[in-house]
*Asks:* 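Before anything else, here's the structure in question.
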Amino acid sequence: MAQVYDHGGGVRSIEVPIPDNPLGHTLVYVVDTDRGPVLVDTGWDDPASWDTLAEGLAACGTAPAEIHGVVITHHHPDHHGLSGKVREASGAWIAMHAADAAIVRRTRATRPERWFSYMADKLTAAGAPEAHVSPLRAARRPRSLPGFSPAAPDREIVPGELLDLPGRRLRAIWTPGHTPGHVCLHLEEEHPARLPGHGRLFSGDHLLPGITPHIGLYEDPDDTTVTDPLGDYLASLERVGRLAPAEILPAHQHAFTDAPARVRELLTHHETRLTDLLTLLAAPLTPWQLAERMEWNRPWDQIPYGSRNIAIAEAEAHLRRLVKLGRAEAVAGSEPVAYVAV
Ligand SMILES: [Zn+2]
Ligand SMILES: [Zn+2]
């Protein structure tokens with residue numbers, strides 16, 4: 001049975017399961033418009049998830065074939081996975097920010113082998129031991145890899161503009177950090193229960209009530225720009241805090257209020273983490289060595305392979321922020337490059 005929740009004012013959510021994932025589900029929002037329902041995100045591409053989405057839509061009095069449009073907060077497969085199927089069933093448009101649409105296009109065009117060799121080079125440069133890197137060098141095209149043929153969007157979400165949702169006011173707020181093209185969507189309408197604040201905000205993975213979203217690197221085999229995703233994220237958080245929406249409708253967990261308080265918690269969390277890292281960087285460390293010493297939800301030797309790669313990217317994002325703030329620097333001539341507090 002699909003779990004459906006009525007948020008009032010023509011907005012409902014459906015819990016669409018993410019198989020084998022501790023997050024459990026993605027909240028797919030169904031927004032009524034004058035031309036039919038519009039979805040905010042679609043959920044993981046899996047037969048059971050699709051069935052749940054269809055059941056949930058039936059409980060909302062509609063069906064996949066009735067969907068008018070799909071608005072995607074960011075390209076991750078737990079958000080964009082089922083978009084192609086929804087479009088096939090209904091002819092709906094799919095809208096996404098240009099930066100994430102570029103990732104989708106690249107993912108569709110890039111052979112997995114190229115991706116594996118890019119990752120292997122990157123991990124070597126971060127100081128990963130050969131035992132960690134060699135499986136990637138040996139990897140060949142897998143039979144199927146989720147997320148390697150995401151649906152190409154057909155509309156661009158332009159920051160600051162109202163989306164084309166007949167009868168509704170939904171404005172795109174660009175919130176890069178978790179991905180370069182992550183957007184939050186501000187429903188500029190009075191809260192149905194008249195809660196104080198400014199409208200409601202579909203926050204995707206940007207602002208969640210009980211989880212800190214992963215901030216890694218904007219992995220791009222074709223781009224050598226030194227981006228600062230953590231800096232982007234912190235700036236985007238402040239932006240959303242200033243909006244002061246009456247209620248946050250996130251893509252995981254549950255709806256909540258007092259966005260500014262949650263924003264403050266997250267800013268404090270990251271400031272504490274950066275300060276802790278500076279302590280670790282009293283002696284030079286490679287990103288790999290830093291990740292080994294950082295605090296995770298379990299000891300480093302118990303972190304599975306894929307999660308370690310995510311952890312390295314998170315360590316690198318923090319290092320970039322510290323370098324940009326002038327609080328750490330690369331040790332000249334070190335290979336792989338090591339960083340030290342200044
Ligand atoms: Zn995500
Ligand atoms: Zn997510």
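Counting starts at 1 for both ligands and their atoms, following the listed order.
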*Asks:* Scan Thr175, Val40, Leu165 and name whichever one has a side chain to side chain contact (heavy atoms under 4.5 Å, CB included) with Leu185.
*Replies:* Val40
*Asks:* Check all N, O or S atoms of Asp205 and name the one closest to the Zn ion (ligand 1).
*Replies:* OD2
*Asks:* Could you check Ile312, Leu136, Thr124 and say which one makes a side chain to side chain contact (heavy atoms under 4.5 Å, CB included) with Met119?
*Replies:* Leu136
*Asks:* Please assess Ser83 against His80 for the test side chain to side chain donor-acceptor pair (under 3.5 Å), listing each intermediate value before the final yes or no.
*Replies:* CA-CA 5 Å; Ser83 306; His80 182 45; 2.8 Å; yes
*Asks:* Looking at Glu88 and Lys85, is any side-chain nitrogen of the basic one under 4.0 Å from a carboxylate oxygen of the acidic one?
*Replies:* no
*Asks:* Please name the atom of Asp78, restricted to N, O or S, that is closest to the Zn ion (ligand 2).
*Replies:* OD2
*Asks:* Give a yes or no on whether His74 keeps an N, O or S atom under 2.8 Å from the Zn ion (ligand 2).
*Replies:* no
*Asks:* Is Arg200 reaching over with its side chain to a backbone N or O of His7, donor-acceptor style, under 3.5 angstrom?
*Replies:* yes
*Asks:* Out of the N/O/S atoms in His178, what is the name of the one closest to the Zn ion (ligand 1)?
*Replies:* NE2
*Asks:* Looking only at N, O or S atoms, which one in His76 sits nearest to the Zn ion (ligand 1)?
*Replies:* ND1
